[in-house]
Every structure is written in C-alpha cells, then in structure tokens.
Amino acid sequence: MRRISGETRWLGLALAAVTLVWCLPLLHNSRHYFSGDTQNAYYGWFYRLGSGLRDGHWPMLDVHGAAAGNPLAEGQTGMYSPLSWLIGLGTTVAPDLVVYITVVKFLVAASCVVGVFLLTRSFGVRAPLAAAAATAVPLCGFTLVYDAPRWIAGQIVVGLLPLAWWGVRRAVAGFSPVPALAFGYLIVTTGYVYGTIYLALVLVGCLVEQALLRRRREFVRVLLVGIGCGLVAVAVFLPGVLTAPVTNRDGWRVGGEGYLRMRPLMYFLVGHPTALIDTGGKQHLQIPFTYVAWFAPALLWLRFGRLRREWRTLVSVLVPLTILLVWTLGPYELGPLRWPARVMPALSLVAIVGLVVAWERSGLRRPAAPRLAASAGLAAAVALVVGFRHPDHAGIQAAGAVLVVLALVGVWWSTEPERERPRRVGAALMATSVLAAGLQIVTLTGIGSNDRDMPAELSAYRQVLDGTEGGVFVVGLHDFFPGQSPERAHELLTGSLWSLTDRPVANGYSPVGFRAFDQRFCMRYDGTTCPGALAKLFQVQPRTGRPWADLLGISTVVIARQQDDPGPPPAGWQVLRDTQYAVTWVRERPLPPAGGPVWSSRGVQVRETGRSETKTTLVVEKVPRRGGSVVLSRLAWPGYRAKGGALLDPLGKQLVRVHIPARSVGRTLSIYYRPPAWRLEMVSLALALGLASAWTLVFPRRRRQVSGGAPRGAPPQPPRGPGTPPHPPAAATT
C-alpha cells in the first residue's frame, strides 16, 4: 500500500505542476486554447462528426461541404477514432466552445503526464525522476506555445505516444498486449500522419533493440503490434492517397524554405527556455520552439563509460531519437510533410525520456566540478548568443540563463547524500521546469496567438444564418485576419465553424480540397474566397446552359463586404439582409440542397426517389434512343459508382455526370459513393481488430504457461539484457 501511495504522490505532483503552468496563459487570455486551427478547423470537424453520430449515421461524406466535405480523404478528422467520437459528441452539447476545448486539452496534457511517468518507470527510473520527466514533456517550447493553443492533433498524438510506447514495453515483458494495441489504434485513427510516423519509429526502435538482444519471442510481440497498427493505417490513410489525384495534395515536392524551418545550430538552444526563433513564412513569429528542457545541459553529467556497457538496452530510445533529429533538419517540404519544427514535441518526448533513463542508469551521482562548470557555461553562452541576436530581449535571455545556472547548481547540490538523492533531484527538476515555463509565459505573452474572435457560445452560431434556405455559399473573407472585429466574426465565420450553424454551407476548412472546385471559385484551404467568386458563381456553364449556383444547389449567398459594393442580386434572387459586414442574397424559389440531379440532357427525364449523403436513387421516366446523361450536384470524388448507368467525365471537372442507357425507362438508377479501395480498407481494419482480439483472448492461457512456477500474483519482470546494471525495477518504491 505504501508503494502505491508513494508513486501516486509523485504522479499527482507532476499532474499538479503541469496543470498550474497550463493555467497561467488563461490569466492573460481566457481564449488561449481556442485559437489557430483548433478554432478554424478541428472544432468544426469534431462537431460535424459528433452531429452525424447523434443522428445515427457515420458521416462518411458531406455533399454540402463541397471541397471540405470528404473527411476520409482528409484523414485528420479522426473518423475511426473513439476518442474523436467522444470529443465530437461533446461539441454538440457543450454550451461554451472555449471552456469545452480548454478542458479537453487539459485532459490530453494529463494523459501525456501519465504516459511519460509510466514509460520512464518501465525503464527502471525511480518515481521522483519519472515525475520530473512527466512534468517536462508537456512544458517543452513547441507544445506550450504552439500545439497547445493551436494544433490539437499534434497535442493528441504526443499525448498518446508515451502510453502506446509503455504498452509496447509491457507486451515485450510478457504482460497483456491490450494497452499497446489500444493506444496504438488511437494514435493511428487520429488521422494525423505525423503521429503514425512517430509510432512507427518507436516500434522500429523496439524491434531493433530486441533483434540486437536476440530475443525472438519479444521481437515477434513488437512485430505483431506493428502489423496491427499498420493494418489500421491502411484503412485510415489509403482513401487520402487514392483521392489525391483530384485534390490540392496531388504534387510531391521536396525542398524549399518556409515556416518553422530548423537549423543545426538551433540544437544548442534546447536547454534555454527563452530562446527566440523566427518561425519564418508570412507571420514571422518569434517563439521558443527549440526549447526541450532546461536540464538538457546535464547531458554532460552522464557517465558514458557505464552506459556504453548496456547500449543495446537503450536502442529503443536511440533509434527514434536519431531519426527524429534528422527529420527536423530535413527539407521544409517533403511531399505532404511540411514544417520540420512540428516534430519538436515528439523529439522532446524521446530526448527527455532518454536523458532521464541514461541519468538513472549512470547512477545519478554528483558530477565533478568541471562538468558542472561546463554545463553552466554552456547555458550562459547560449543566452549570450541569443541576447546578441535579439538585443531587445537581452534581459529576458539573461533571466533565463540565471534560472538555468542556479537550477543546475541546485540539482548538483541535491545529488548528496545518496539516501535523499532521488527525491531532492526530482523535486528540483520539477520546480525549475515550472519556473522556466512560467518565465516563458510571463515574458513572452501573446506569442503565436491566432484568434479570429469567433463566438464562444454555441447558441450564437445558430443565429448566423437565420432566415436562409437551401445550400449556402460564402463569398469573400480573403482579408479577414485576426483581431479585426468581434462583431464581424458573429456574422462571418471561419473555416469549419460554419458546420456549427447546422446549415448546408459549401465553405469549410480542408488543406486537401477538391482542386477543380477550389480553382474555379478561388477558394482557399480555410474556406475563404476572393471577391471574384461571386461572378463565377453566377457564370453560365456552357454544356448545361445553367449558372454554377444552380448546378451546386446554392440558394443563399453570403457576401462579405469588401471595398466594392456587390450591387443588386440577379433575377430570381432578393436581398435578405444588408449589414455593415455582409450582404445576404436568397432565391425567391429555393432549390433543394446539394446531392440530387440538377440537369439532364435533351430527352431525358428522371425522378428522384431517395437521397442520402452517399447515395442518390433515380427512376428513369424518359430517355431517347441514343441514351442521355444526368448531372448531380455532387463533387466527383474518386469512389463514385453508378448502378444502372455509367459514370462519364465530370462536368467542368467537378460534378458527377452519369450516362443513362437507352431502354432504361422505368428502371432505377443508383449513384453511390464508397471510398476508393473500400473493401480492401474494411478487410484491413477487420484483420487488425481480429488480430487484436485473438491475441487478447489467447494471452491469458499463454500467460499462465509462462509464469507457471512464479508465486501467485507475482508479475513477470521485464527481460534484462547483458550488462544491465542493477537499477530499480518498474514497481520499486522510492
């Protein structure tokens, strides 16, 4: 009982420390965690997913969402993830968006703390040092100033990664594979490809380690986890790969300069909490995204001779650490992978875990005075260099250096006497991590914030499109930047937040996008368009003789006020609202929203008998001898099929067009959508779940056979490699 309470106490301290630091930005800005793409993209994606589940269907396709309406091709929407389902369901009932997403992010940060604590304990690190690592990881520079407020997908995968890694190590040691399989599944199904790559690197490191230690059984266990996660990855990412030819992600570019680019010299700044780095690109923010942990200079304290004797047992850390390091120094753009600094949270996780494990393995002894001087001198030199580069922030850099140097001296002093060493060192590391993060937040207030002042109340979104009917298209907003006008933000939403209106809006957020549609209406990834999109919307399509607004099933056009007045509406339309920020036009006779037939060739007459997001059913009432064709207001995503007809080249490279054979009168024509290679993806997912179920069911029997001679209730100890020093096991008390 004492052992459990001791571990719980250190874990509780780590959770309290991280929670305290994450609360500090809220004192300055209560909307801190509702900014960037959390606001522009993910909240609306979660809401659309949750709304579909509440309505009793899995929202595979959103025909009203146009270029942003293919969540399976997007991948990052978490369609297969129970965690995304849970978050999505919450968004549909949470009355305050800011409070809800802040709570979600705090829970994800807590999962990261728990995961790092368990992971480092599985390496034999004592609880105080494990708690120090668990505190430091969620406080690394990139997570604290970028992922936490902006990029919730990055935060989620790094929050789950240590739990998956811990599960893999448990499976290797002979425990249940359920944690490894469950957390691995959650990482992959998040749909953020970076997370899947991180997991793959961890698995590769574990495989190499077991191969070097010649442990066949343990190697097979890691391989089985990798196979299961790989099969899930096929289902999650193959639709995006096969849909790419019609999207904005069709190209494969390597190289270039741009946002969040890393340089080799930046790694001298990993221990300096206030080092400012220009992010590059259009925003040119200066943020401490290279910061890993203030105690990084303590790397000079390790006893490398002792570690050299057991390097094979550290390969599972060294392999992902090395590959992530090379990745951050790679090109700005590598196909769909961009912005190398995005990898810093994963690199920080592996580096902190590796440093703490190496420190424990090397004895946690007081280093010689020259080593202390070298680490303190390194911290001072880094601050001096950064201060010269940013003279306006020289005082902040000096404060950061003083904090690190004093903390290094304090930890050095805490390593004696031996009996109190782990507790003192752990407490010093945790306390200074909190102070360093607090220094960042207090002195660098507002860095990296990107808030478009969207409403915080869910009820406000219901009122944005009051009085409108049918499909909605929003024109303009290209000049809509953060901080312009909260009043304007209550009339003109951004990105995927249009989903919260519960109306069929063609605008949304999608970096993938349907290329032909985006080019025609100059629509950007965030759903904004150029003012010229208004004229293109009412331009007549030559083959059909009808304007694109008719072909897309648009009955409401919201026009953001730019420099020029939009003028009067076309014939058949009228002005519903005219405010300071927007003009809203509506049809006098609204059309049905997108999804059904909008044009047929001469002599063809069809009657719609059924429609869903993925299927339209028509009865052919009239067709000429040579046959004919019909156009549906559906973007022609790869994966559409026609039963009773044949697909033709899309109209304007955009809309589904179907050939109707002669002698089809009275027959039913079904046009339905399934993602490309849908059967393969479902088989792959079924195999992954079958493998997990079989392994889980077989495990108890195999477990009894393996531990037959052990005392009842005694857990199997992790296998130890040659040369491993007698460090405390994972369950040891402090």
Side-chain angles (χ1 to χ4, degrees), residues 3-4 7 11 114-127 129-130 133-134 160-185 187 199 201-229 310-320 350 353-354 356-358 360-361 691-692 694-733:
R3 176 179 62 192
I4 296 176
E7 295 222 353
L11 177 57
V114 174
V116 175
F117 185 85
L118 294 174
L119 175 61
T120 48
R121 293 290 284 143
S122 73
F123 278 100
V125 175
R126 283 168 283 189
L129 219 56
L160 295 174
L161 184 62
L163 289 167
W165 194 350
W166 164 75
V168 172
R169 289 184 57 80
R170 281 179 57 87
V172 167
F175 289 89
S176 170
V178 170
L181 296 170
F183 290 117
Y185 178 88
I187 290 176
L199 179 61
L201 297 181
V202 166
L203 292 172
V204 168
C206 293
L207 284 172
V208 174
E209 181 177 292
Q210 301 310 316
L212 291 174
L213 294 173
R214 299 180 180 179
R215 298 172 179 161
R216 296 182 180 179
R217 181 178 299 174
E218 289 78 3
F219 182 92
V220 171
R221 291 171 185 163
V222 179
L223 187 61
L224 287 174
V225 175
I227 291 173
C229 294
E310 55 171 310
W311 67 272
R312 290 181 180 83
T313 63
L314 298 175
V315 166
S316 58
V317 177
L318 294 175
V319 168
V350 180
V353 170
V356 170
V357 171
E360 179 74 75
R361 297 277 180 94
L691 172 63
W695 192 2
T696 303
L697 292 173
V698 170
F699 171 77
R701 180 179 301 175
R702 294 180 57 85
R703 178 70 189 86
R704 287 193 295 270
Q705 295 173 354
V706 170
S707 59
R712 185 173 183 179
Q717 293 299 318
R720 303 173 64 82
T724 303
H727 55 283
T733 184

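- Taking all atoms of both residues into account, the shortest heavy-atom contact from L119 to W166 is CD1-N, 3.9 Å.
- Between the side chain of R361 and the main chain of E310, no donor-acceptor pair closer than 3.5 Å is present.
- Side-chain atoms of R221 come within 3.5 Å of backbone atoms of V172 as a donor-acceptor pair (strictly under, hydrogens ignored).
- When the side chain to side chain contact (heavy atoms under 4.5 Å, CB included) test is applied to V315, the partners found at least two apart in sequence or on another chain are V208, E209, L212, W311, V319.
- Partners of A180 under the side chain to side chain contact (heavy atoms under 4.5 Å, CB included) rule, at least two apart in sequence or in another chain, are V168, V225.
- The side-chain heavy atoms of V116 and W165, taken from C-beta on, include no pair separated by under 4.5 Å.
- The shortest heavy-atom contact between L181 and T696 is CD1-OG1, 4.5 Å.
- In this structure, the side chains of L11 and V114 come closer than 4.5 Å at one or more pairs of heavy atoms.
- R169 contributes a side-chain N or O that, together with a main-chain N or O of S122, makes up a donor-acceptor pair within less than 3.5 Å.
- With sequence neighbours left out, the side chain to side chain contact (heavy atoms under 4.5 Å, CB included) criterion links A164 to F183, I187, L199.
- Formation of a donor-acceptor pair under 3.5 Å by the E360 side chain with backbone atoms of R126 is found in this model.
- Under the side chain to side chain contact (heavy atoms under 4.5 Å, CB included) criterion, V220 pairs with L224, sequence neighbours left out.
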